[in-house]
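The basis for the numbers below is simple: all heavy atoms, side chains too, and nothing from hydrogens, waters or symmetry mates.
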Number of protein chains: 2
Amino acid sequence: MVSEKTISRLTNYQTLLRLQQAQGRTHLFSHQLADLARVTPAQVRRDLMVIGYTGNPRTGYHVGDLQDSLMQFFAFSTGIPTALVGVGSLGRALLSYFMSGRSNIRILAAFDNDPGKTGRVLSGCRIHPMNRLRETLAETTVSCALVTVPGGEAQKVTDALVGAGVHGIVNFAPVRLKVPPTVFVENLDVTSSIEKAAFFARNYSLKTQEETNHE
Amino acid sequence: MVSEKTISRLTNYQTLLRLQQAQGRTHLFSHQLADLARVTPAQVRRDLMVIGYTGNPRTGYHVGDLQDSLMQFFAFSTGIPTALVGVGSLGRALLSYFMSGRSNIRILAAFDNDPGKTGRVLSGCRIHPMNRLRETLAETTVSCALVTVPGGEAQKVTDALVGAGVHGIVNFAPVRLKVPPTVFVENLDVTSSIEKAAFFARNYSLKTQEETNHE
DNA sequence: TTCACGCTGTGACAAAATTCACAGCTAGGA
DNA sequence: TCCTAGCTGTGAATTTTGTCACAGCGTGAA
Ligand SMILES: NC(=O)c1ccc[n+]([C@@H]2O[C@H](COP(=O)([O-])OP(=O)(O)OC[C@H]3O[C@@H](n4cnc5c(N)ncnc54)[C@H](O)[C@@H]3O)[C@@H](O)[C@H]2O)c1
Ligand SMILES: NC(=O)c1ccc[n+]([C@@H]2O[C@H](COP(=O)([O-])OP(=O)(O)OC[C@H]3O[C@@H](n4cnc5c(N)ncnc54)[C@H](O)[C@@H]3O)[C@@H](O)[C@H]2O)c1
């Protein structure tokens, strides 16, 4: 089984390679990809082992071939089908971003329990009521959903999604969801991330001041 | 030096404790906090070692005292002062969320380079032009900033922030920023997180199907 | 007061993640 | 044709992270 961290880095390499290809580059070495991704060259080589792609000692990695290998490994050549639950301020931002086609992620359906929102179309995506979740998802190949409802509602919504056959959840609510072992949860807790950054910011800030004083 | 992961868990404990206190609980054991945080009891005890708080074998941890210790460790009793750069769809969502006071994070100033947006007040927060960034931040204690500008602009904005004395960056743009070693960057790459969740979702999905077939 | 239960705090251990370091290869130059 | 410089792929070492397991303690019961 391949680790979460490795998967994160591999998706990052994918993004970086797309950019490099757009700039006309056809080959690169592990240390160059490493610089772009802000990791070590050894890390890059180690990561690429898991997808089976093998480079050439003299010319390095072939950008197109490596992209193909990554594509095949991730098996998302046609884009990633997802659903979104909770069309509030965050949900709307995500809709407008991902419906504009700036990435390989496709939001195929949105859901909300507010009758004032359901039935309408936002950024080109129809908003369905919650009681139509199961049947709407049954018509699609969605296996991953974005949860942007208030914390108190997130578990309920998650249970509904799991019941509808979703195996991946990206959770923006500041709660830890309970799911069966066949469901993967990625928590994107903005508040917690800011707290973390603020903590280290203060540390670095103090350290910098100290050093200034010692001079 | 205490690790990033430990800090993340400690902030999570803080959130959970606030909730428990609101429900009137005065004491809890490591295994109870562990259940709430979805970690092991040993992990909780190990984490609490770093903040120096020590519980009682018979009564466990005192919610209020533990909160005080955490507060003191994080030193953010008055809220976390931050700035936001890039008032687009994501920036607006963050403004409306954090200006509503639902957390201990305070956005003291917002910045944008679009003259159509600067000068206005959104969700109670004034939007300043970029050329006023340094002097505006000089008047505050902000040491942590949220970056919600397009990927191509993120590095430029980061450089300006670092120049203005910011030591913590929460980066929502899908690029890896280059910063001096005295600056901490937390990347919140939504696209990458969705890709990760989708990958594991497909794996779990396939595994579930296999097991169903084997019955 | 004494005892026993069930917790905490932590040294020792285990697992996971990363880096080191080097054999082996390969294209370009002599 | 045969070197050679400088890369890749990977076993081994190292570092980081998490868990185990148990001594020691505090409380309530007797
Ligand atoms: N907006 C932000 O920038 C931000 C920042 C950090 C965290 N979050 C988290 O993201 C989540 C959403 O935040 P928001 O600001 O968009 O909230 P919001 O209140 O603006 O939107 C929530 C939406 O969910 C819908 N909803 C509520 N209960 C539902 C249910 N049971 N089923 C389906 N839909 C339901 C509501 O109708 C509403 O449209 C929250 O958990 C919040 O803590 C948001
Ligand atoms: N909106 C989302 O849900 C979402 C999802 C994933 C990632 N992101 C990332 O978040 C970032 C912002 O996304 P968005 O959808 O809000 O974009 P947006 O285009 O709606 O907003 C960007 C804002 O930044 C401002 N800006 C541009 N250049 C600037 C500069 N040099 N200095 C100051 N301000 C500047 C623009 O005026 C605009 O207000 C992007 O990097 C995007 O990739 C957003």
Open item on the list: Taking the ring of Tyr61(B) and the ring of Phe29(B), is the distance between their centroids below 6.0 Å?
Closed with: no
- [ ] Would you please indicate yes or no on a ring centroid separation below 6.0 angstrom for Phe73(A) and Phe199(B)?
- [x] yes
Open item on the list: If only side-chain N and O atoms count, and only distance matters, is there a donor-acceptor pair under 3.5 Å linking Gln67(A) with Gln14(A)?
Closed with: no
Task: Heavy-atom side-chain proximity of Val63(A) to Leu28(A) below 4.5 angstrom - done: yes
- [ ] Give me the first and last nucleotide of DNA chain C, going 5' to 3', that has any atom under 4.0 Å from a heavy atom of chain B.
- [x] dC5(C) to dA12(C)
Open item on the list: Please classify the nucleic acid contact of Ser3(B) as base, sugar-phosphate, or nothing, using heavy-atom distances under 4.0 Å.
Closed with: sugar-phosphate
Say whether, by atom type as modelled, one donor and one acceptor occur between the side chain of [X] and the main chain of [Y] under 3.5 angstrom.
X	Y	answer
Thr6(A)	Val2(A)	no
Arg18(A)	Tyr13(A)	no
Arg25(A)	Ala22(A)	no

Open item on the list: Heavy atoms within less than 4.0 Å of DNA chain C: which residues of residues 37-45 of chain A have one? Give them sorted by number.
Closed with: Thr40(A), Gln43(A), Arg45(A)
Task: Within residues 50-75 of chain A: residues closer than 4.0 Å to DNA chain C (heavy atoms) - done: Asn56(A), Pro57(A), Arg58(A)
- [ ] State, to the nearest 10°, the angle formed by the axis through the first five base pairs of the helix from dT1(C)-dA30(D) to dA30(C)-dT1(D) and the axis through its last five.
- [x] 10°
Open item on the list: According to salt bridge (Lys or Arg N to Asp or Glu O under 4.0 Å), does anything in residues 177-204 of chain A pair up with another residue at least two apart or in another chain? List the pairs.
Closed with: Glu186(A)-Lys196(B), Lys196(A)-Glu4(B), Lys196(A)-Glu186(B)
Open item on the list: Taking salt bridge (Lys or Arg N to Asp or Glu O under 4.0 Å) as the cut-off, I'd like each qualifying pair that reaches into residues 145-160 of chain A, sequence neighbours left out, listed once.
Closed with: Glu153(A)-Lys156(A)
